[in-house]
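For this chain, numbers begin at 1 and follow the sequence in order.
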Amino acid sequence: MSKNIFLFSGQGSQYVGMAKELCEKYEAANAVFDTAEKVLGYDLRAVTFDGPDTELNKTVNSQPAIMACSLAAFEAAKAEGITFDGVAGHSLGEYAAMVAAGVVTIEDGFKLIKARAAAMQKAAEANSGSMYA
């Protein structure tokens, strides 16, 4: 017996144009961005779909963008009739997984990501450092 598990990625997976085609094809994917923009208070589509990459790569933008894209892909999969038995997420992806699993609402998920991204952006600006993966 096979099972479908959705795994949501963390920060660093972003690229300009991600999820644009999903939003053009699936209303449910587009609705994720509607909700995100209402909570965030800015045009996330413009940053995600059009860039520039220097703007998208800022933590304050990349984290909400990755979460929106992850949930847009999740909604597109559901629209295609793909069912799931579980979800998991790595780092930032844990927030999308919580929304997908119904642990938090999508609105609350974006409120959490907005606060997380702002705090991490502030920390990044105040401290020099890097990560190696």
Side-chain angles (χ1 to χ4, degrees):
M1 171 185 269
S2 65
K3 295 188 181 231
N4 293 326
I5 307 295
F6 284 91
L7 176 62
F8 298 96
S9 66
Q11 191 171 347
S13 59
Q14 71 274 3
Y15 61 92
V16 173
M18 61 183 182
K20 185 175 182 178
E21 289 182 29
L22 289 175
C23 289
E24 290 170 350
K25 184 173 180 180
Y26 298 97
E27 183 52 40
N30 204 40
V32 169
F33 276 84
D34 290 340
T35 301
E37 290 175 348
K38 189 181 304 180
V39 171
L40 299 170
Y42 68 92
D43 188 349
L44 184 61
R45 285 178 184 91
V47 174
T48 306
F49 300 165
D50 304 323
D53 60 353
T54 54
E55 199 61 31
L56 178 60
N57 289 337
K58 291 179 181 175
T59 298
V60 72
N61 293 324
S62 64
Q63 290 190 5
I66 292 165
M67 182 160 146
C69 291
S70 295
L71 292 173
F74 178 69
E75 292 299 329
K78 289 189 331 186
E80 290 293 331
I82 299 171
T83 60
F84 67 99
D85 301 291
V87 296
H90 170 69
S91 189
L92 166 67
E94 293 170 341
Y95 292 82
M98 287 191 298
V99 171
V103 174
V104 297
T105 65
I106 189 169
E107 293 85 3
D108 285 345
F110 279 109
K111 288 175 187 175
L112 290 167
I113 284 300
K114 182 179 181 179
R116 180 185 198 265
M120 290 183 73
Q121 181 72 43
K122 183 177 178 182
E125 290 170 359
N127 302 286
S128 62
S130 61
M131 182 185 341
Y132 180 79

Measure the spacing between [atom1] of [X] and [atom2] of [Y] and express it to the nearest 0.5 Å.
| X | Y | atom1 | atom2 | answer |
| --- | --- | --- | --- | --- |
| K58 | D53 | NZ | CG | 11.5 Å |
| E75 | N30 | CD | CG | 12.0 Å |
| I106 | M98 | CD1 | CE | 13.0 Å |
| Q63 | Y95 | CD | OH | 8.5 Å |
| S13 | I66 | OG | CD1 | 4.0 Å |

- L112 with F110, same ILVMFWY side-chain cluster at under 4.5 Å: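 In one cluster with L112: F110, yes.
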- Hphob cluster co-occupancy, V87 + L7, side-chain heavy atoms under 4.5 angstrom: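 Looking at the clustering, L7 is in a separate group from V87.
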Exercise: identify the closest heavy-atom pair between [X] and [Y]:
| X | Y | value |
| --- | --- | --- |
| P64 | L44 | O-CD2, 3.8 Å |
| A68 | V32 | O-CG1, 3.5 Å |
| S70 | A96 | CB-CB, 4.0 Å |
| E94 | G89 | CG-O, 3.2 Å |
| L56 | V16 | CD2-N, 3.5 Å |

Would you mind reporting whether [Y] and [X] have side-chain heavy atoms less than 4.5 Å apart?
| X | Y | answer |
| --- | --- | --- |
| M67 | F8 | no |
| L92 | I113 | yes |
| F74 | L22 | no |
| L71 | V99 | yes |

- Message: Using a 3.5 Å distance criterion without hydrogens, assess whether the side chain of E37 forms a donor-acceptor pair with backbone atoms of D43.
- Response: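 Side chain of E37 to backbone of D43: no pair is present.
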- Please answer whether the main-chain N or O of D85 pairs with a side-chain N or O of N4 as donor and acceptor at a distance below 3.5 Å.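 Here the side-chain-to-backbone pair does not exist.
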- Query: Which pairs pass side-chain hydrogen bond (donor to acceptor under 3.5 Å, both in side chains) with one or both residues in residues 16-26, sequence neighbours excluded?
  - Reply: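 Checked against side-chain hydrogen bond (donor to acceptor under 3.5 Å, both in side chains) - neighbours excluded - the pairs reaching residues 16-26 are Y26-E80.
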- Mind checking what makes salt bridge (Lys or Arg N to Asp or Glu O under 4.0 Å) contact with K111, not counting sequence neighbours?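 Once residues adjacent in sequence are excluded, the partners of K111 under the salt bridge (Lys or Arg N to Asp or Glu O under 4.0 Å) criterion are D108.
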- Tell me, please, which residues at least two apart from K122 pass salt bridge (Lys or Arg N to Asp or Glu O under 4.0 Å).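 Scan of K122 (salt bridge (Lys or Arg N to Asp or Glu O under 4.0 Å), adjacent residues dropped) gives none.
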- Can you sort out the partners of Y15 under side-chain contact (heavy atoms from CB on, under 4.5 Å), two or more places apart, ordered by chain and number?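 Y15: side-chain contact (heavy atoms from CB on, under 4.5 Å) contacts with M18.
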- Query: Below 4.0 angstrom, N of the basic side chain to O of the carboxylate: do D34 and R45 qualify?
  - Reply: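 Yes.
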- Item | Contacts of type side-chain hydrogen bond (donor to acceptor under 3.5 Å, both in side chains), residue S62, not counting sequence neighbours |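 Listed in chain order: Q11.
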- With sequence neighbours excluded, give me every ring pair (Phe, Tyr, Trp, His ring centres under 6.0 Å) pair touching residues 41-63.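 Only F33-F49 qualify under ring pair (Phe, Tyr, Trp, His ring centres under 6.0 Å).
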